[in-house]
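Below: one structure, written as structure tokens.
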Amino acid sequence: MIRGKTRHQLFLPDEMSRRLTAMAKSQKRSRSHLLVEMVEAYMNRRSASQTEDRLSAKLDRLAREVSKTNNECVVISHSLYRFIRHELIYAAALPPPGEDAKALGEKRFQMFLDSVARMMAKSADNDNEPAEANKAEQA
């Protein structure tokens, strides 16, 4: 027995055996050496495919996270836009508010929060749709 090697016995179809023998003769190498090389190449290809699958799953997860972050940025931008618009247009020339104005302001603020919640819910619903539907909307 050769150190560091284990003997395996396998049966190949006749045609495959003839091709292996011809290849070994043309390369002036042993059939055993060729088989070791072929099995090694096959196993490396399989492990590379598994690595690629794991990487692809991680990239998909990251893409979903980026999409969610993008949607949150849209909501934040819209909220900031509405706040700045309100401050510059409506509240700039107003006298200090009384109790009625404060109550109205609270009511309007709650309406604003409700509109943001609706926007976020709509954004979340869009995240749950299939990718093809999102592509159709963007087209």
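The analysis underlying the following values was restricted to heavy atoms, covering all of them including side chains, and did not include hydrogens, waters or symmetry mates.
- For the atom pair CD1 of I84 and NE2 of H86, the computed distance is 13.0 Å after rounding to the nearest 0.5 Å.
- Looking only at distances, no side-chain donor or acceptor of S56 sits under 3.5 Å from a matching main-chain atom of E52.
- Tracing side-chain contacts under 4.5 Å through hydrophobic residues (I, L, V, M, F, W, Y), one reaches L20 starting from L10; they form part of the same cluster.
- Here the CZ-CD distance, from R7 to Q9, works out to 6.0 Å after rounding to the nearest 0.5 Å.
- Nearest heavy-atom pair, L12 versus M16, reported as atom, atom and distance to 0.1 Å: CD2-SD, 3.8 Å.
- Between I76 atom CD1 and N71 atom CG the span is 11.0 Å, to the nearest 0.5 Å.
- Within a 6.0 Å radius of CG in D100, no more than 12 heavy atoms belonging to other residues, nucleotides or ligands are found.
- Within a 6.0 Å sphere centred on CD of Q27, other residues, nucleotides and ligands contribute more than 12 heavy atoms.
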Next on the checklist: Quick one, M38 with M23, criterion side-chain contact (heavy atoms from CB on, under 4.5 Å). Give me CA distance, side-chain angles, the key distance, then yes/no.
Outcome noted: CA-CA 12 Å; M38 290 176 189; M23 186 183 286; 3.5 Å; yes
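- Nearest heavy atoms, A24 versus S30: CB-C, 4.2 Å.
- Between the side chain of T69 and the backbone N or O of E65, at least one donor-acceptor pair lies under 3.5 Å.
- Around the CZ atom of R31, the shell of radius 6.0 Å holds no more than 12 heavy atoms that belong to other residues, nucleotides or ligands.
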Could you list the donor-acceptor pairs under 3.5 angstrom formed between side-chain atoms of residues 104-120 and any protein atom two or more places apart in sequence or on another chain?
| residue | atom | partner | partner atom | Å |
| --- | --- | --- | --- | --- |
| Q110 | NE2 | D114 | OD1 | 3.3 |
| S115 | OG | R82 | NH1 | 3.3 |
| S115 | OG | F112 | O | 2.8 |

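- Here the OG atom belonging to S67 is positioned 10.0 Å from the CD atom belonging to E72, to the nearest 0.5 angstrom.
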